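Chain letters run A, B, ... following the sequence lines, proteins first and then strands; every chain starts at 1. This structure is a prediction, so every number in the text was calculated from the model and none was measured.
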2 protein chains.
Amino acid sequence: MKASVKTAENGRKIVENICTEPCSIERGMRVLGGKWKGSILWHLQDGPVRFNDLNRMVGGASKKMIAQRLQEMEENGLLTRQVISTKPVAVAYEITDFGRTALGFLESLKDWVEDNQL
Amino acid sequence: MKASVKTAENGRKIVENICTEPCSIERGMRVLGGKWKGSILWHLQDGPVRFNDLNRMVGGASKKMIAQRLQEMEENGLLTRQVISTKPVAVAYEITDFGRTALGFLESLKDWVEDNQL
DNA sequence: CAGAATCCAACCGGATACTG
DNA sequence: CAGTATCCGGTTGGATTCTG
């Protein structure tokens, strides 16, 4: 929701509606922002990746963080986790169709950063 | 940078390049992500806004947070701060042209969130 | 009005060690 | 291999008070 703004006679702007609950952008940042989530999703776009590989691909994040973010992202339906019962066990993370709908936006963020040398 | 992946004879994927420094997506999240930054920029798109109004528009953030984020965003060139020497003093924050280049994907984030009822 | 300063609890996240 | 458990220092961020 966006706050609605009126302009008084003196030119002063009056804010009428207040965003009481977090607006869409903040909610989105909670799902895709934070640390590592964007990178994780990005690195899943070419197919399932195993835990340790993902850990290496993201780079800089600890196993603990990756595991946490993966859980949250699974709960949000961005990816799925499948256990392959070999010895030792293997686990593959795969992006969902829903997760893919976020890739476009991640790409525009990436382009924006690179175009502006941030 | 994206990690490069090869597939070994056994079908196992090998991660070759490791993202040592934060990749574009992470850097972008640091500039636009975090708490409130997206919302702040979003609420500036229709013209300059004063500190307290911005505080109300964002909603939920303390003055301290808004002040901090505004400083960072000014350093990043996303917005400018101009002091109007009235009594009491007024300060207006205005989005820069560069800041405007980020509005596009904030909008796609917003749409994505709303389309999927996040 | 627009902050800066201070205090402090809560959370975050790295390192390490351990498990099935 | 794919995590979980624990420890623990650092950061975050709210509440409150103060200032020009």
On the nucleotide [N], are OP1 or OP2 found under 4.0 Å from the side-chain N or O atoms that [X] carries?
| X | N | result |
| --- | --- | --- |
| B/Tyr93 | C/dC1 | no |
| A/Arg81 | D/dG3 | yes |
| A/Arg50 | D/dA2 | yes |

Measure [atom1]/[X] against [atom2]/[N] and give the value in whole Å, please.
| X | N | atom1 | atom2 | result |
| --- | --- | --- | --- | --- |
| A/Ile66 | D/dC1 | CD1 | C1' | 16 Å |
| A/Asn52 | D/dG3 | CG | P | 9 Å |
| B/Lys37 | D/dG13 | NZ | P | 11 Å |
| A/Lys63 | D/dT4 | NZ | P | 10 Å |
| B/Ile84 | C/dA2 | CD1 | P | 8 Å |
| B/Asp53 | C/dG3 | CG | C1' | 15 Å |
| A/Leu70 | D/dG3 | CG | P | 7 Å |
| A/Met65 | D/dG10 | CE | P | 17 Å |

Would a hydrophobic clustering, with Ile, Leu, Val, Met, Phe, Trp and Tyr connected at side-chain separations under 4.5 Å, put B/Val83 with B/Phe51?
yes
Need to verify one output field. Residue with the more 5' nearest nucleotide on DNA chain C, A/Val89 or B/Lys64?
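Of the two residues, B/Lys64 wins.
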For the helix from C/dC1-D/dG20 to C/dG20-D/dC1, figure out the bend between the end axes, five pairs an end, and round to 10 degrees.
50°
Do the side-chain N and O atoms of B/Glu26 and A/Ser39 include a donor-acceptor pair separated by under 3.5 angstrom?
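Yes, a side-chain donor-acceptor pair sits under 3.5 Å.
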Do B/Glu94 and B/Thr80 have side-chain atoms, one donor and one acceptor, less than 3.5 Å apart?
no
Under a 4.0 Å N-O cut-off, is there an ion pair linking B/Arg69 with B/Glu72?
yes
Could you tell me whether A/Trp112 and B/Phe98 have their ring centroids closer than 6.0 angstrom?
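Aromatic pair counts; centres sit under 6.0 Å.
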Out of curiosity, A/Lys37 NZ to A/Gln68 CD, how far, rounded to the nearest 0.5 Å?
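One finds 10.0 Å between NZ of A/Lys37 and CD of A/Gln68.
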B/Gln71 side chain, from C-beta outward: closest of C/dA4, C/dG14, C/dG3:
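It is C/dA4.
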So if I take every side-chain heavy atom of B/Arg69 and compare against C/dG13, C/dG3, D/dG13, which nucleotide ends up nearest?
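The closest nucleotide is D/dG13.
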Which residue, B/Gln68 or A/Gln68, contacts DNA chain D at a nucleotide closer to its 5' end, judged by nearest heavy atom?
A/Gln68
Are the side chain of A/Arg100 and the backbone of A/Gln45 linked by a donor-acceptor contact shorter than 3.5 Å?
yes
Using a heavy-atom cut-off of 4.0 Å across all strands, would you classify B/Lys35 as base, sugar-phosphate, or nothing?
sugar-phosphate
